[in-house]
Amino acid sequence: MERLKRARTTPWPVEDGAPFVLTETGVHGRTLAAVNDAARALGLEPGLRFTDARARVPGLVAEEIDREADALALKRLTLWMTRFSPLTAMDGVDGIRLDVTGCAHLFGGEEAFLVSMKRALEGLGLTPRLGLADSAGAAWALARHGAEPLQRAAPGKAREALAPLPVAALRLEACTVQVLRRFGLTRIGQLYAIERAALARRFRNRMAAQDVLLRLDQALCVRPEPLIPLKSPARFTARISGPEPLLSLSGIEDALSKLLADLTGQLEQAGKGARRFILTGYRSDGTRATVSLTLSRPGRDGRTIAKLFAPRLETMDPGFGIDLMTLTAHGTGPLEAMASALPDGMAVPGADSSETAALADRLNARLGDDLVQVFTAHESHLPDHSEALAPFPGTLAPWPVTGHRTGPRPLIVLDRPELVETIAILPDGPPARFTWRRITRSVARADGPERIGPQWWHGNANGVRARDYYRVEDEDGHRYWLMREGLYDDQRGGTPRWYVCGLFP
Amino acid sequence: MFKDLPLKRLSPRMEGEAARLEDRLGAPLLGVHEIAPAAFSDMPAALGLAVGFAHTRPQGGWLWVRSRKQRLDLGRISARGLAALGADPGRVMLVETRTATEALRAIDEAARSRAIGAVIAELDTADFTFTRRLSLAHETSATPVILVRSWRTEGATAAHNRWRVSAAPSAPNRLDPRAPGRARWQVTLERSREFPQRAGETFLMEMDDAPLRVRLVPALADGAPETRPHHALAG
């Protein structure tokens, strides 16, 4: 609901303190999906039918909920929360779970950690409810059912902290909660006293009994509940936070050089280099700005990487200010043996392939990822399929020598064959003259044909005609690669047509 | 007008070696060269000559820069076609930029680098300043740059040589007189800082397969003269 309040451009429909609800249309008609504090005070709860709610509160203002936008905003917030812990995950449709093992002391203890987290979230215009405990289940219970909006169970004290909370805080289904209430079990503390076998017996449904035990065990750290993070954390990470939000490019550059010093140190200790670097700026308004850099081979030279990042930093929009930056290294691998640089004048051009890779990196950084390409060979007798382009793989490799010989191939291949009008003397020979791009050219000499049949073994060659390729030269010395699609008597269509496919130098 | 400029400086490497133009063509390429086709239809010939020039460099990759517009106008560069010319397509790093400005940046970056054997760039627009920049970069890096310009190219340039190329009837094919033979080009040295006294001369060049290089067609080989006076081109 608060997301909506911030995202709206039109005036908020109700005054402060007036009830307001969001509704959604389900199988049972229109029901309440979210309510504000004023509405809750009037006894409205999510799940109530909208008609009932309006009967209780005449003149209730309502709007349709936008689940998709909510989920997106929650995901964005979850990613932003990685500033507090690298392991974050969305919890349901309205919660975020963080594994903060080993993180709290960075913020000056657990209490201070929670306070700073609360302050950061309040700065975004949210009213968070935070819970911190030994287990995810206990933290969930404290956050959603605790008396205070900010509640913490000291290490080992989860059992005591959970005792006064209602059983619904165990993340149970509504019908299970109802069964427990029928037995008079409303508080979690009451469950501790009952023997487990006895507890299980009270349920007709085995599943429900196991569910209660599972949730209870999870909350009390008896059974583990691993967190699957939204994004797995990088092994090599450097982070820096400033006292003041960064607004300028020079500030970002400074931060980057410090981050690089840190990260390259880590990489050096591990004896590794990385192929991909991601620089993330956490803006103070809860969004993130990201720039990434891909090298053609693993590296860890801070100065080079900073230089390559330079043209991309301009695209990083600081927004209202970046107050935390992280740099992560991905695709780590061993460094290739470093060739020591020869003194000036002695260097043989091209002998050092790592310099070639460095040039490719510079070009890619300037012009866009994977813009530097190399040719790759494919085994196919069809001229169109015998070669392709691929991103530069880090080194140049000699072109493979293939066994079969083909006819002459032109240096330039037209993007698509262009139809030409021809006058041929013999039906199976090269044309005597042809008109291409409005100019008529007389053929002085010709070579061919090189016949390339359809790929009958692929089964879809029915109706595909054989192609005859000719190399022809006109009177001025221009050389063309002409193709006739089909033969005159192949009975696969009408008169064969002629195309220009390429140009010889 | 540009002859008055004190720009006849070549990189130190270039001065010592081959004083003769004919020797120069066989030696590993140095300098900034412009190759301009005589007409748009001579563009393949210009690219062929560029490949021949670059091939004199024994080592290192080639960076081939072109903009997307050139691919749409002319067509793709074919690896098999390069192989058919005797070049190794595995040496080529191809950069296809979105705009001509990006192409200028890429060429500039590559010309400063010692990492590669040659830069081949298809470039419609390159002003005097840019070619000057390249020839200055060449003085420190010694990486040769071959700019394949458009047929409209004219005016001053700071490149060491400008060659004007048009297609010529190919060499006689010994196996089949009715088939085209080795590619030949009629090449005019239009402007030259390296050999100013020979500017304006026209040569007939052909690709030599083994060892692959561009060579001048010897006089009387098949009736074609080795050099002709410049005015012969007009006809």
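Lettering of chains follows the sequences in order, A, B, ..., and the numbering in each one begins at 1. Values below: every heavy atom of this structure, side chains too, minus hydrogens, waters and symmetry copies.
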Visitor: Only pairs of heavy atoms separated by less than 4.5 Å count here; which of A:Pro398, A:Gly502, A:Ala388 has the most with chain B?
Guide: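 So the answer, after comparing A:Pro398, A:Gly502, A:Ala388, is A:Pro398.
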
Visitor: Measure the spacing between CZ of A:Phe434 and OG of A:Ser442 and express it to the nearest 0.5 Å.
Guide: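 Going from CZ on A:Phe434 over to OG on A:Ser442, the span is 9.0 Å.
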
Visitor: If you tally heavy-atom pairs under 4.5 Å against chain B, which of A:Asp447, A:Val372, A:Leu414, A:Ile412 wins?
Guide: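 If we count pairs closer than 4.5 Å to chain B, A:Ile412 comes out on top.
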
Visitor: Could you give the distance from NE2 (B:His160) to NE2 (B:His138), rounded to the nearest 0.5 Å?
Guide: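 Answer for the NE2-NE2 pair, B:His160 versus B:His138, is 6.5 Å.
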
Visitor: May I ask you to check whether over 12 heavy atoms, not counting those of A:Glu418, lie within 6.0 Å of atom CD?
Guide: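 Correct, the count exceeds 12.
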
Visitor: So what's closer than 4.5 Å to chain A heavy atoms on B:Glu109: side chain, backbone, both or neither?
Guide: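 It is both, since atoms from each part get that close.
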
Visitor: Could you give the distance from OG1 (A:Thr376) to CH2 (A:Trp399), rounded to the nearest 0.5 Å?
Guide: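 Here the rounded value is 6.5 Å.
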
Visitor: Given that the side chain runs from C-beta out, which part of B:Asp73 has a heavy atom under 4.5 Å from chain A: side chain, backbone, both or neither?
Guide: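 Looking at B:Asp73, just its backbone touches chain A.
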
Visitor: To the nearest 0.5 Å, what is the distance between CD1 (B:Ile146) and CZ (B:Phe53)?
Guide: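 Taking CD1 in B:Ile146 and CZ in B:Phe53, the distance rounds to 7.5 Å.
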
Visitor: By a 4.5 Å heavy-atom criterion (distance strictly below it), what part of A:Asp476 contacts chain B: side chain, backbone, both, or neither?
Guide: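 It is the backbone, since no side chain atom gets that close.
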
Visitor: Taking A:Ala360, A:Pro383, A:Ala444, A:Pro410 one by one, which has the highest count of heavy-atom pairs under 4.5 Å against chain B?
Guide: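 Most heavy-atom pairs within the cutoff with chain B belong to A:Pro410.
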
Visitor: Measure A:Ile439 against the heavy atoms of chain B and call it side chain, backbone, both or neither at under 4.5 Å.
Guide: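 Neither; nothing under 4.5 Å.
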
Visitor: If you count heavy-atom pairs under 4.5 Å with chain A, which of B:Pro89, B:Ala183, B:Ala46 comes out on top?
Guide: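 Going by pairs under 4.5 Å, I would pick B:Pro89.
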
Visitor: Can you tell whether the side chains of A:Arg465 and A:Glu485 come within less than 4.0 Å, N to carboxylate O?
Guide: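 So A:Arg465 does not pair with A:Glu485 through a salt bridge.
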
Visitor: Side chain, backbone, both or neither: which part of B:Arg71 has an atom under 4.5 Å from a heavy atom of chain A?
Guide: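 Backbone plus side chain of B:Arg71, per the 4.5 Å heavy-atom cut-off to chain A.
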
Visitor: Between A:Leu503, A:Leu371, A:Asn364, A:Val374, which residue shows the highest count of heavy-atom pairs closer than 4.5 Å to chain B?
Guide: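 Counting heavy-atom pairs under 4.5 Å, the top option is A:Leu371.
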
Visitor: Rounded to the nearest 0.5 Å, what separates atom OG1 in B:Thr97 from atom CG in A:Leu367?
Guide: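 One finds 7.0 Å between OG1 of B:Thr97 and CG of A:Leu367.
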
Visitor: Please flag which part of A:Arg479 lies under 4.5 Å from any non-hydrogen atom of chain B: side chain, backbone, both or neither.
Guide: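 The side chain, not the backbone.
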
Visitor: Highest number of heavy-atom pairs under 4.5 Å with chain B: which of A:Pro430, A:Ala446, A:Gly368?
Guide: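 Max contact count across the listed options: A:Ala446.
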
Visitor: Where on A:Pro408 is there a heavy atom nearer than 4.5 Å to chain B: the side chain, the backbone, both, or neither?
Guide: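 Contact with chain B involves no heavy atom of A:Pro408 at all.
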
Visitor: State which residue, out of B:Lys69, B:Arg152, B:Arg66, fulfils the salt bridge (Lys or Arg N to Asp or Glu O under 4.0 Å) condition with B:Asp124.
Guide: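 That would be B:Lys69; it is the only one of B:Lys69, B:Arg152, B:Arg66 passing the salt bridge (Lys or Arg N to Asp or Glu O under 4.0 Å) with B:Asp124.
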
Visitor: When only pairs under 4.5 Å are counted, which of B:Arg112, B:Arg76, B:Arg91 shares the most heavy-atom pairs with chain A?
Guide: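 Among the listed options, the one with the most contacts to chain A is B:Arg76.
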
Visitor: With side chain to side chain contact (heavy atoms under 4.5 Å, CB included) as the test, pick out the partner of A:Leu260 among A:Ile305, A:Thr304, A:Asp301.
Guide: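 With A:Leu260 as partner, side chain to side chain contact (heavy atoms under 4.5 Å, CB included) holds for just one option, A:Ile305.
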
Visitor: Could you have a look at B:Ser113, B:Gly81, B:Ala79, B:Ala45 and say which one has the most heavy-atom pairs with chain A under 4.5 angstrom?
Guide: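 Most heavy-atom pairs within the cutoff with chain A belong to B:Ala79.
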
Visitor: Side chain, backbone, both or neither: which part of B:Ala168 has a heavy atom under 4.5 Å from chain A?
Guide: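 For B:Ala168, the contact with chain A is made by the backbone alone.
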
Visitor: When rounded to the nearest 0.5 angstrom, what is the spacing between CD in B:Glu102 and CD1 in B:Ile107?
Guide: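 Here the interatomic distance stands at 11.5 Å.
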
Visitor: For A:Arg416, which atoms come within 4.5 Å of any heavy atom of chain B: side chain, backbone, both, or neither?
Guide: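 A:Arg416 has no heavy atom closer than 4.5 Å to chain B.
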
Visitor: Yes or no on salt bridge (charged side-chain N to carboxylate O under 4.0 Å, His left out) for A:Glu473 and B:Arg184, after CA distance, side-chain angles and deciding distance?
Guide: CA-CA 12 Å; A:Glu473 182 176 303; B:Arg184 279 188 179 176; over 6 Å; no

Visitor: Given A:Trp481 and A:Tyr470, is the ring-ring contact (aromatic ring centres under 6.0 Å, His included) satisfied, shown in steps?
Guide: CA-CA 6 Å; A:Trp481 204 34; A:Tyr470 291 89; over 10 Å; no

Visitor: Need one label for A:Leu359: side chain, backbone, both or neither, based on atoms under 4.5 Å from any heavy atom in chain B.
Guide: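 The answer is the side chain of A:Leu359.
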
Visitor: Output the option from A:Glu475, A:Arg437, A:Arg471 having the highest count of non-hydrogen pairs under 4.5 Å with chain B.
Guide: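 If we count pairs closer than 4.5 Å to chain B, A:Arg471 comes out on top.
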
